[in-house]
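Each residue takes its place number in the sequence, starting with 1. Values reported hereafter were calculated over all heavy atoms of this structure, with side chains retained and with hydrogens, waters and symmetry mates removed.
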Amino acid sequence: MWRPKEHGQVTLLIGLSQLIVTTDFSIVGVALPSIGRELAVAADLLSWVVAATSLALAGFLIPSGRAADMFGQRRCIELGAALFAAASLLCALAPGIGWLIAARAVLGFGAAILAPASLSLLNTLPEGPVRNRALGLLGTMQGFSLAIGLVIGGAVTNAFGWRAIFLVNLPPILLIIVLARRVIPAVTVRSVKQALDVPGAVLVGLGPSSVLASISMLNRRGWDYAPGLMMLAAATATLALFFFVERRVKAPLLPPRLFTFRNVVGGNLATLLLMGAIAGMFVLMSLLVQQRYGLTALSGGLAMMLYAAAVAFGGKVVSLGMTRATLKTNALGGIVLQIVAFALLCGAVPSVNYVAGVMPGMICGGIGNAIAFVALMAVATEAVPRQEQGVASGALLAAQQLGVAIGVAIVLMGLSSGGFTGGFLTAGVFGLSAMLVVATATTAIHRPGGTSGHMSREGREAV
């Protein structure tokens with residue numbers, strides 16, 4: 001599909017799109033205290049500055065992925081990027097908390113359109129070294145985004161105030177639009193247009209966002225809070241109803257046949273569990289370096305850059321590893337390193353020495369997280385037909401969002417009951433569960449020597 005000179009531009013487009021979406025959360029998180037002071041907002045209402053974006057993002061990922069399949073990646077990338085940029089500008093100009101929360105919801109909607117459309121370009125790159133380099137870069141940017149967000153958020157807020165953090169998004173957004181117009185064909189609409197699955201879109205919009213909202217409520221009020229438990233039960237029932245409806249409509253939003261691919265099911269479930277472990281590890285390490293070593297948010301962000309560097313190295317390792325071993329082997333190897341990191345961090349909790357205490361686990365975890373994250377992303381999308389890559393990418397991103405929310409909530413429960421050791425052990429359970437899923441619910445996909453290699457039987461039948 002692409003000329004060789006365009007491979008780098010497509011890779012950069014994918015990486016930048018994922019980078020701005022994931023960096024946004026950590027940048028805004030650092031600025032929340034400043035926002036609360038200037039706008040005189042209580043903590044409960046202030047949390048909606050982040051929650052509004054998360055709920056909109058989770059609710060619209062799968063419908064947006066299907067839109068990319070139906071109307072073309074270029075249209076969706078341009079629309080999503082434009083909404084993201086406009087919402088960022090509105091956030092910077094917000095006169096009050098209501099305006100800011102509304103703009104953040106629009107930003108989440110833009111991110112939900114942009115992310116799956118750009119990610120679906122990944123499997124249009126040639127198999128072998130080109131695609132492996134793109135996957136490695138994507139893993140690197142995902143890891144860097146968290147730590148860089150803390151540093152940029154702290155530095156920009158301290159120097160220019162919290163409004164300036166929303167303007168940081170504008171240059172990369174402009175570059176994304178330029179790249180999309182330059183390399184993606186103007187018309188990539190499917191030859192057979194489908195009817196819009198309105199019931200499915202409504203249910204899948206309500207389901208994931210309701211899960212996130214209920215978990216957030218339970219995390220604040222306690223896990224015995226009856227309204228929160230009722231909301232979580234209703235959200236679960238909504239998701240179950242969505243899958244029931246999808247099996248009966250003529251043009252489903254999320255085609256049930258995707259779930260006949262073992263790697264799609266196993267890859268998404270393992271990704272949900274893995275993201276729970278990764279998010280839990282990151283939150284715990286951030287708290288540990290600040291509370292144990294007395295660092296500020298900005299200094300703590302700088303201390304976390306070692307983790308980002310380890311992720312970058314892991315991205316390089318996995319781009320080479322995927323040409324030498326199966327994706328399943330790479331995923332299992334990354335998760336094993338992650339579990340070793342949890343053991344090292346549990347042992348580091350009593351230590352007061354950053355170098356001897358936290359650094360070994362941080363390095364091991366960063367490398368393992370990058371390898372497992374990238375390999376599972378490939379596992380979950382490799383066998384999917386090209387015309388359904390958008391919705392498959394949306395489902396994968398939704399699994400990541402749910403994994404982060406569930407993982408952080410449960411890991412913080414472990415932290416409350418058992419301190420940092422309890423928190424790291426809880427996160428380790430997510431890692432072990434992901435390893436079990438990968439070992440039992442996925443098949444081997446191998447691309448030896450950077451060539452097209454061979455897929456599993458389900459992958460060959462899909463394309």
From CA spacing to verdict: side-chain contact (heavy atoms from CB on, under 4.5 Å), Phe243, Leu254: CA-CA 8 Å; Phe243 288 109; Leu254 188 63; 4.1 Å; yes
Would Ser17 and Val21 count as a side-chain contact (heavy atoms from CB on, under 4.5 Å) if you check the C-alpha gap in whole Å, the side-chain angles of each, and the deciding distance to 0.1 Å? CA-CA 7 Å; Ser17 299; Val21 172; 6.0 Å; no
Gln400 and Thr271: CA distance, side-chain angles, deciding distance, side chain to side chain donor-acceptor pair (under 3.5 Å) verdict: CA-CA 6 Å; Gln400 292 175 11; Thr271 295; 5.8 Å; no
Apply side-chain contact (heavy atoms from CB on, under 4.5 Å) to residues Gln401 and Met275 and explain how you reach the verdict. CA-CA 8 Å; Gln401 288 292 312; Met275 291 306 296; over 6 Å; no
Could you go through Val49 and Val28, starting from their C-alpha distance and side-chain angles, then the distance that decides it, and tell me whether this counts as side-chain contact (heavy atoms from CB on, under 4.5 Å)? CA-CA 8 Å; Val49 174; Val28 173; 3.9 Å; yes
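Considering OH of Tyr307 and CE of Met359, their distance stands at 15.5 Å, rounded to 0.5 Å. For the atom pair Ile35 CD1 and Ile97 CD1, the distance stands at 7.0 Å (nearest 0.5 Å). Considering CG of Leu345 and CZ of Phe424, their distance stands at 4.5 Å, rounded to 0.5 Å.
Applying the salt bridge (charged side-chain N to carboxylate O under 4.0 Å, His left out) rule to Arg133 yields no partners; only residues at least two apart in sequence or on another chain are considered. Glu246 is linked by a salt bridge (charged side-chain N to carboxylate O under 4.0 Å, His left out) to nothing, counting only residues two or more places apart in sequence or in another chain.
The shortest heavy-atom contact between Gly314 and Ile371 is O-CG1, 3.7 Å. Of all the heavy atoms in Ile165 and Gly153, the pair that sits closest is CG2-O, 4.2 Å. The nearest pair of heavy atoms linking Ile177 to Ala81 is CG1-CB, 3.7 Å. Heavy atoms only, all atoms of each residue included: Val311 and Ala370 are closest at O-CB, 3.4 Å. Nearest approach of Ala58 to Ser209, heavy atoms of both residues: CB-N, 4.4 Å. Contact record, Leu203 with Thr238: O-CG2, 3.5 Å, taken as the closest heavy-atom pair.
In this structure, the side chains of Cys364 and Leu344 come closer than 4.5 Å at one or more pairs of heavy atoms. The closest side-chain heavy-atom distance from Val374 to Asn132 is not below 4.5 Å. The side-chain heavy atoms of Leu89 and Leu167, taken from C-beta on, include a pair separated by under 4.5 Å. At a threshold of 4.5 Å between non-hydrogen side-chain atoms, the residues Leu425 and Cys346 count as touching.
Below 30°, between 30° and 60°, or above 60°: for Phe60 and Phe109 the angle between ring planes is above 60°, a perpendicular geometry.
Surrounding CZ of Phe84 are more than 12 heavy atoms belonging to other residues, nucleotides or ligands, all under 6.0 Å away.
Screening Val317, Val318, Leu320 for a side-chain contact (heavy atoms from CB on, under 4.5 Å) involving Asn330 leaves a single residue, Val318.
For the residue pair Thr381 / Gln389, no side-chain donor-acceptor distance below 3.5 Å is found, with atom types taken as modelled.
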